[in-house]
Amino acid sequence: MQDQSRISVCLAAYNGARYIDEQLRSILPQLGPGDEVIVVDDCSSDGTDTMVKAVDDPRIRLLRNEQNLGQVKTFERALGESSGAFIFLSDQDDIWLPGRVDTMLQTLDEEMVVVSNCEHFGAPPGRFHRIRLRAADSSRHAANVLGIVVGYRLHWGCAMALRAEFLNLALPFPGYLRESHDQWLAMAGNLNGSIRYLEQDTVLHRLHADNVTPEKIRGLSAILKARAVFLANLVILLRRTRLRRFRSATAT
């Protein structure tokens with residue numbers, strides 16, 4: 001059992017040796033001595049684990065998957081390993097802007113989930129990269145859920161943080177989920193009625209050839225499949241939310 005940390009940063013890594021050092025060195029100065037960075041390496045073949053070890057910081061916990069599980073399952077493992085009261089998601093190839101942690105912690109005192117915007121760099125932004133969150137939409141939970149299902153409300157996992165108790169609703173991820181764990185978390189936050197959107201950028205989000213989010217509009221079959229997954233997510237999360245409220249009511 002890990003000691004309780006104040007902040008856990010959960011980072012899923014796969015063949016990220018080129019950028020992960022810069023990312024970790026943008027994160028660590030914003031953390032306290034009792035915080036942790038959980039790096040789960042998903043069977044990288046480029047020496048990612050060696051680069052993480054070279055940072056040589058006792059706050060980093062490096063874990064390795066025995067087989068390649070993919071981004072969603074790797075993030076799920078990192079979240080499950082976290083011990084902090086506040087959890088920040090992190091990609092392996094971005095850069096945290098100074099003040100990110102303090103800014104998001106202020107919001108987490110009031111809400112379960114907080115999502116900011118991010119500044120994209122490294123390549124010309126695509127259509128999806130131009131979608132930005134508005135603070136005024138934070139309380140429009142039904143519209144936000146609809147936006148997730150339809151595809152016009154985008155949440156970047158690299159710009160997301162949450163309170164540890166929120167994991168009781170959000171985990172486990174559905175077994176069929178292969179992408180968009182960030183949209184799953186955002187949907188859960190909206191259905192729980194506890195999410196805040198920050199209009200400011202707190203992350204420099206690097207664009208390159210290996211990014212997971214597509215730069216161009218997908219084909220019709222891929223779009224329909226994604227919409228079906230979001231609808232399935234909605235059904236599961238509605239059931240979990242109702243069950244959670246029922247248990248809370250009966251406990252009192």
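Nothing fancy with the numbering, it's 1 onward along the sequence.
Between the side chains of Glu119 and His205, not a single donor N or O lies within less than 3.5 Å of an accepting N or O. The closest side-chain donor-acceptor pair between His208 and Tyr19, if any, does not fall under 3.5 angstrom. Counted by atom type alone, Asn190 and Asn144 present one or more donor-acceptor pairs between their side chains at under 3.5 Å. Looking only at atom types and distance, the side chain of Asp46 has a donor-acceptor partner in the side chain of Thr48 under 3.5 Å away. Of the N and O atoms on the side chains of Ser8 and Ser82, not one donor lies less than 3.5 Å from an acceptor on the other residue.
In this structure, Arg239 and Val235 have side chains that are in contact, with non-hydrogen atoms separated by less than 4.5 Å. Looking at heavy atoms from C-beta onward, Glu22 lies out of side-chain contact with Asp93 at the 4.5 angstrom threshold. Residues Val145 and Leu191 have side chains in contact (heavy-atom distance under 4.5 Å, counting atoms from C-beta outward). The closest side-chain heavy-atom distance from Val114 to Phe86 is not below 4.5 Å. Val113 has its side chain within reach of Phe166: a pair of non-hydrogen atoms, C-beta onward, lies under 4.5 Å apart. Looking only at side-chain heavy atoms (C-beta outward), Leu97 and Gln200 stay at 4.5 Å or farther from each other. The shortest distance between side-chain heavy atoms of Asp94 and Leu204 does not fall below 4.5 Å. Between Val55 and Ile20 the shortest side-chain heavy-atom distance does not fall below 4.5 Å.
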Please evaluate residues Ile148 and His155 with respect to the criterion side chain to side chain contact (heavy atoms under 4.5 Å, CB included), reporting the C-alpha separation (whole Å), side-chain torsions for both, the decisive distance (0.1 Å), and the verdict. CA-CA 9 Å; Ile148 292 171; His155 307 78; 3.6 Å; yes
Verdict with supporting geometry, Leu31 and Ile27, side chain to side chain contact (heavy atoms under 4.5 Å, CB included): CA-CA 7 Å; Leu31 303 182; Ile27 294 171; 3.9 Å; yes
Take Leu185 and Leu89 through the test side chain to side chain contact (heavy atoms under 4.5 Å, CB included) and record every step on the way to the result. CA-CA 11 Å; Leu185 293 170; Leu89 276 65; 3.8 Å; yes
Under the salt bridge (charged side-chain N to carboxylate O under 4.0 Å, His left out) criterion, do Asp137 and Arg153 qualify, and how do the steps go? CA-CA 10 Å; Asp137 292 326; Arg153 184 78 79 241; 3.8 Å; yes
Can Glu199 and Arg132 be said to form a salt bridge (charged side-chain N to carboxylate O under 4.0 Å, His left out), step by step? CA-CA 8 Å; Glu199 295 191 10; Arg132 292 182 64 85; over 6 Å; no
For Leu167 and Ile87, what are the C-alpha separation, side-chain angles and deciding distance, and is it a side chain to side chain contact (heavy atoms under 4.5 Å, CB included)? CA-CA 10 Å; Leu167 296 180; Ile87 300 171; 3.4 Å; yes
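Looking at every heavy atom in both residues, Arg196 comes nearest to Glu111 through NH2-OE2, 3.4 Å. Between Gln71 and Ala12, the shortest heavy-atom contact is O-CB, 4.4 Å. Here the shortest heavy-atom pairing between Cys10 and Phe75 reads O-CE2, 3.4 Å. Nearest heavy atom pair, residue Ser116 against residue Thr202, reads OG-OG1, 2.7 Å. Of all the heavy atoms in Val229 and Leu177, the pair that sits closest is CG1-CD1, 3.9 Å. Residues Leu154 and Leu133 come closest through the heavy atom pair O-CD2, 3.4 Å.
Residues Phe128 and Phe230 do not share a hydrophobic cluster, defined by chaining ILVMFWY side chains whose heavy atoms lie under 4.5 Å apart. No continuous path of hydrophobic side-chain contacts links Met112 to Leu198 [ILVMFWY only; heavy atoms under 4.5 Å]. There is no path of hydrophobic side-chain contacts, each under 4.5 Å, that joins Tyr14 to Ile60. Criterion: ILVMFWY side-chain heavy atoms under 4.5 Å apart, direct or through other members. Under it, Leu162 and Leu237 are part of a common hydrophobic cluster. No continuous path of hydrophobic side-chain contacts links Val40 to Met160 [ILVMFWY only; heavy atoms under 4.5 Å].
Atoms CD and CG, from Gln23 and Leu11 in turn, are 6.0 Å apart once rounded to the nearest 0.5 Å. Atom OG1 of Thr241 and atom CG of Leu234 lie 9.5 Å apart (nearest 0.5 Å). The structure places CG of Leu105 at 10.0 Å from CZ of Arg100, a figure rounded to the nearest 0.5 Å. A distance of 13.5 Å separates CE in Met187 from CG in Asn192, rounded to the nearest 0.5 Å.
Without hydrogens or angle criteria, Asp35 side chain to Gly32 main chain gives a donor-acceptor distance under 3.5 Å. Side chain of Asn117 to backbone of Asp201: no donor-acceptor contact under 3.5 angstrom is found. Put simply, the side chain of Arg61 gets close to the backbone of Glu81: a donor and an acceptor are under 3.5 Å apart. No side-chain donor-acceptor contact under 3.5 Å links Asp182 to the backbone of Trp156. One N or O on the side chain of Arg130 and one on the backbone of Pro125 form a donor-acceptor pair closer than 3.5 Å. Of the possible donor and acceptor atoms, none in the side chain of Ser26 sits under 3.5 Å from a partner among the backbone N and O of Ile95. Under the 3.5 Å distance criterion, the side-chain polar atoms of Asn65 are left unmatched by any main-chain donor or acceptor of Asn68. Side-chain atoms of Asp41 never come within 3.5 Å of backbone atoms of Leu62 as a donor-acceptor pair (strictly under, hydrogens ignored).
Between Phe88 and Trp96, the angle of the ring planes lies from 30° to 60°, which puts this pair in the tilted group. Using bins of under 30°, 30° to 60° and over 60° for the plane-to-plane angle, the ring pair Trp184/Phe173 lands in the perpendicular bin.
Using a 4.0 Å cut-off between a side-chain N of Lys or Arg and a carboxylate O of Asp or Glu, Arg206 and Asp91 do not qualify as a salt bridge. Taking the charged nitrogens against the carboxylate oxygens, Lys73 and Glu76 do have a contact shorter than 4.0 Å, which makes a salt bridge. Between Glu36 and Arg59, no side-chain nitrogen of the basic residue sits less than 4.0 Å from a carboxylate oxygen of the acidic one, so the salt-bridge criterion is not met.
Annotation for Arg163: atom CZ counts as buried by contact number, over 12 foreign heavy atoms lying within 6.0 Å.
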